[in-house]
Amino acid sequence: MATDAMLQTLTDKIFTALLNQGQFALDYKDQFEAMKTKLDLMKTFLSSTDNLRSREKDAQNFLPNLRKLIYEAEDILTDCLIRDEYQKEESCWISSPQGLLFRYKTGKQLSKINSRIQKMETGLDVYRRPERPINPGNYANPVIGYSSQDFDPSEIIGLVKDVEKIKAWIVSGDKELNRVGIVGMGGLGKTTIAQKIFNDREVGTYFDQKIWLSVSQNFSAERIMRVMLKELGEDSDGLDECNLLRKIYRKLGNQTYLIVMDDVWNINIDWWNKLCPASERSFIIITSRDEDITRNMGVDISRIHRPKTLNKEESWSLFSKFAFSRRGICPNEEFVRIGREVLDKCGGLPLAIKTIAALLKQKIHSLAEWKKINDNFHELTTEGKNRQVMASLQLSYDELPSLLKQCLLCFSIYPEDFEISGEQIVHWWVGEGLIQGRDTKTAAELGFQYLSELVSRCLVEVVHRRGYDGRVYSCKMHDLVRDMTIKIAKDEAFCSFDEQGRQKLREESRWLGFTNDIAPRSLKNSPKLRTLIMMSSNPNLLNSKLELLSSLRVLDFSGMKLEILGVKQLWKRICSLRRLANLNLSGVAEVKEVPSSIQNLRNLQILVLRNCHNLAKIGPSITDLKKLIVLDLGSCPLKYLPHGLEKLVHIQELSGFRVVSNTLSCPLHALLKLEHLRVLRININGESEVSKEDEDILSRLGKLQILAIDAEQCKEKGVSEMLDRLSPPPKLEELYLRRYHHETLPKWMNLTQLSNLQYLCLEDAFITDFDTNPEPSEDSSAPKWNLEGLCLKLMPNLDLEWEILSKDMPLLCYTEISNCVRLKNFPYPCDKPFVWRKNQE
């Protein structure tokens with residue numbers, strides 16, 4: 001149960017508050033310690049789900065009350081920590097009338113909560129069973145297992161004949177039968193077959209244009225047409241449906257095209273016939289779970305293909321690819337025997353096979369665990385057509401560490417086929433306190449690690465990932481997995497949904513993905529909401545009572561279009577949300593300044609204003625946000641950042657810092673006090689000045705791992721001279737140099753000073769030579785670069801031999817090249833974007 005993770009998070013916060021000697025936490029030390037003791041006992045009990053699984057009806061009453069209590073206790077603790085921040089600046093506040101009132105109310109609330117916990121603890125006696133001792137620490141933090149690189153999710157084992165059959169229909173040139181339907185139940189491989197055909201090189205030679213459209217249940221003609229135009233490289237802003245249709249016709253014109261309509265549940269036939277009339281120069285593939293849909297869309301019955309479930313050998317081949325080594329070989333016959341028994345229960349469904357195989361791979365060293373999963377496979381089987389898939393998915397969920405369960409359930413609020421930003425969901429987890437930094441990893445680093453764990457377990461699908469290390473940029477969730485998370489999130493009372501899986505608001509709702517289907521005025525009826533993420537732009541939201549959402553921790557309006565007159569009102573409402581921990585207004589063009597009232601957000605940990613292209617001013621009040629760990633001002637036209645940034649002592653990621661010669665600007669040497677800084681993105685141009693005392697600043701940032709420098713296309717010689725005087729951080733792992741319009745690299749970009757560098761990106765640079773080794777040698781044993789990834793983009797003057805470069809970088813496994821026309825002997829054309837991977841050779 002995800003409740004385990006909630007208990008763990010709260011007890012960790014109480015422990016940290018007491019350890020840090022927070023004034024208000026210490027004022028109620030006895031009550032907080034009593035609370036922690038009781039909650040630890042309750043957590044230990046709940047860690048064994050057997051206690052409540054067999055008494056589901058009782059659990060439905062007990063768990064919601066427990067979760068409600070946890071939220072209330074966490075709110076009180078947060079308020080105490082916020083008051084600590086004010087107390088540090090206003091020592092007399094504690095004895096003021098407001099301070100005395102706060103102390104009285106807090107003490108009274110804590111007493112009530114502890115009393116309620118005591119009653120719950122007494123009530124737990126009816127559930128208790130004699131059990132062997134367990135270690136609750138095993139449930140506190142997930143053990144991150146194998147990487148998603150251990151297998152290839154693009155495998156189409158058992159579907160090759162399906163692909164070849166449909167390819168034959170395409171190349172036959174039958175003008176009367178140019179539409180194909182792929183029909184079958186969820187998880188059967190319909191989309192996989194369509195993807196393989198869509199990306200097939202031979203098929204691609206038959207068409208001038210290829211368009212992939214994910215339709216899903218929430219069909220919208222306008223959305224589909226806008227996506228079509230985007231796929232065709234056309235802008236659709238300001239166009240109504242009629243003009244969108246005209247523009248599509250003009251663009252396609254006399255071209256041949258392939259269109260894939262994936263996952264169609266219903267369709268407006270009149271609109272469809274207008275969009276895609278019978279054409280001799282096109283081919284359309286439609287995937288659906290309903291045969292009637294494809295026939296209504298003009299597919300002849302002879303062109304409806306129904307993939308079959310995999311046979312035993314195909315199933316075993318797919319299972320082995322995911323459950324064992326990269327070669328799919330298992331040396332132990334007992335594992336093979338149990339694996340084949342598990343396969344019999346998967347019913348030949350590819351999704352079920354991949355999911356259960358990924359789960360079993362986590363247990364590859366324990367035959368007992370494999371037997372246990374095999375024996376319990378049908379225990380959670382639900383009634384209905386997809387019972388095998390749902391059983392395997394439910395098993396995968398049950399096997400997740402409790403923290404990862406809660407992280408997975410967050411995906412439930414996103415609509416079908418929605419492309420989810422990896423950064424957005426990780427920041428959500430951090431802002432709501434689901435993830436705490438530990439050991440040498442920050443909370444955000446752990447978040448991306450957990451996201452990769454969910455991908456590796458086949459519960460989340462990657463849409464885009466970073467090339468050299470596989471970090472997930474964006475992802476999505478399969479329909480069936482989403483259905484499962486919706487059911488569980490609803491049962492666990494995180495959010496509510498209607499019969500179609502669309503989110504709706506209730507008083508007890510905690511998470512909300514805001515879409516146009518939701519009335520903004522309904523927010524006033526959900527005062528306990530903790531996360532609000534905009535899924536579509538709705539200016540009417542400005543008229544809602546955001547200030548009533550007093551428990552809000554995460555507010556994400558990224559990319560939202562606002563009325564300029566409404567921005568000040570929005571800021572006023574945002575700055576009243578004193579418990580807010582994560583605020584994202586990236587890409588909101590109407591944001592021109594950050595008001596001084598932002599200092600009220602003393603609990604704010606993440607502030608993202610990236611790509612606010614009109615943001616010109618941030619006042620010194622930003623430095624009052626002492627809990628900030630991420631401040632992202634990248635691509636904002638700020639002239640400088642204010643003095644006092646050194647007060648942000650917990651900051652781990654700072655983007656958009658401008659090195660400016662200005663008495664109002666924060667100097668570079670102020671960064672020395674930011675001891676936890678891991679990521680730094682700075683701008684240097686002709687107005688910058690690096691003083692003598694600033695030259696070694698970067699080298700003294702001992703924890704800095706990622707450094708990005710934007711030279712802003714400045715051609716003044718002083719810029720290169722300034723960069724020459726800097727010294728790099730000792731533990732630097734990633735370096736980005738952009739818009740550097742000078743012929744030679746900074747002097748410190750060499751093997752001696754960047755011995756730990758793993759990734760280097762040079763983009764839009766006039767560099768002519770890449771002499772990065774200060775002491776070249778013919779000796780094969782001479783030191784080499786440790787680079788694993790290299791990106792060279794828009795470097796038309798770079799004169800370099802690929803063989804020499806690759807010899808100097810023997811560990812290089814990923815290289816991205818674009819518009820480097822003078823790079824010699826590279827295996828592929830250098831005038832266009834191309835990615836080279838070592839395993840391609």
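Predicted model, so just to flag it, every value in this text is computed and none were measured.
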Next item on the list: Please examine the side chains of Lys190 and Asp262, heavy atoms only from C-beta on, and report whether any two atoms are closer than 4.5 Å.
Entry: no
Next item on the list: Determine, for Glu419 against Lys476, whether the closest basic-nitrogen to carboxylate-oxygen distance falls under 4.0 angstrom.
Entry: no
Notebook entry, point to check: Any side-chain heavy atom of Met228 sitting closer than 4.5 Å to one from Ile259?
Noted result: yes
Checklist line | Shortest non-hydrogen separation from Glu445 to Thr440 and the atoms involved | finding: OE1-O, 3.9 Å
Check: Does any non-hydrogen side-chain atom of Glu461 lie less than 4.5 Å from one of Val455?
Finding: no
Next item on the list: State whether Lys210 and Glu231 are salt-bridged, where the test is any N-O pair (Lys NZ or Arg NE/NH1/NH2 against Asp/Glu carboxylate O) under 4.0 Å.
Entry: no
Next item on the list: Check the pair Gln758 / Glu788 against side chain to side chain donor-acceptor pair (under 3.5 Å), numbers first and verdict last.
Entry: CA-CA 5 Å; Gln758 297 175 15; Glu788 298 175 13; 5.2 Å; no
Next item on the list: Side-chain contact test, heavy atoms from C-beta onward, threshold under 4.5 Å: evaluate it for Val260 versus Ile211 and give yes or no.
Entry: no
Checklist line | Any pair counted as salt bridge (Lys or Arg N to Asp or Glu O under 4.0 Å), so long as it reaches residues 813-830, sequence neighbours left out | finding: Lys793-Glu816, Asp799-Arg822, Asp799-Lys824
Note to self: Please enumerate all residues that pass side-chain hydrogen bond (donor to acceptor under 3.5 Å, both in side chains) together with Ser288, with sequence neighbours excluded.
What the structure shows: none
Margin query: Could you check whether Tyr759 and Tyr736 have their ring centres less than 6.0 Å apart?
Written below: yes
Next item on the list: Measure centre to centre between the rings of Phe826 and Trp836, then say whether the value is under 6.0 Å.
Entry: no
Note to self: Does the structure place the NZ or CZ of Arg465 under 6.0 Å from the centre of the six-membered ring of Tyr473, at an angle of no more than 45° from the ring's axis?
What the structure shows: no
Check: Does Glu721 come within less than 4.0 Å of Lys747, counting only side-chain N to carboxylate O?
Finding: no
Notebook entry, point to check: Between Thr256 and Asp208, do the side chains contain an N or O donor and an N or O acceptor separated by less than 3.5 Å?
Noted result: yes
Item checked: Close side-chain approach of Ile193 to Ile166, heavy-atom, < 4.5 Å -> yes
Note to self: Please tell me whether Arg610 and Ser586 have a donor and an acceptor in their side chains that are separated by less than 3.5 angstrom.
What the structure shows: no
Check: With the threshold set at 4.0 Å, does a side-chain nitrogen-carboxylate oxygen contact exist between Asp710 and Arg738?
Finding: no
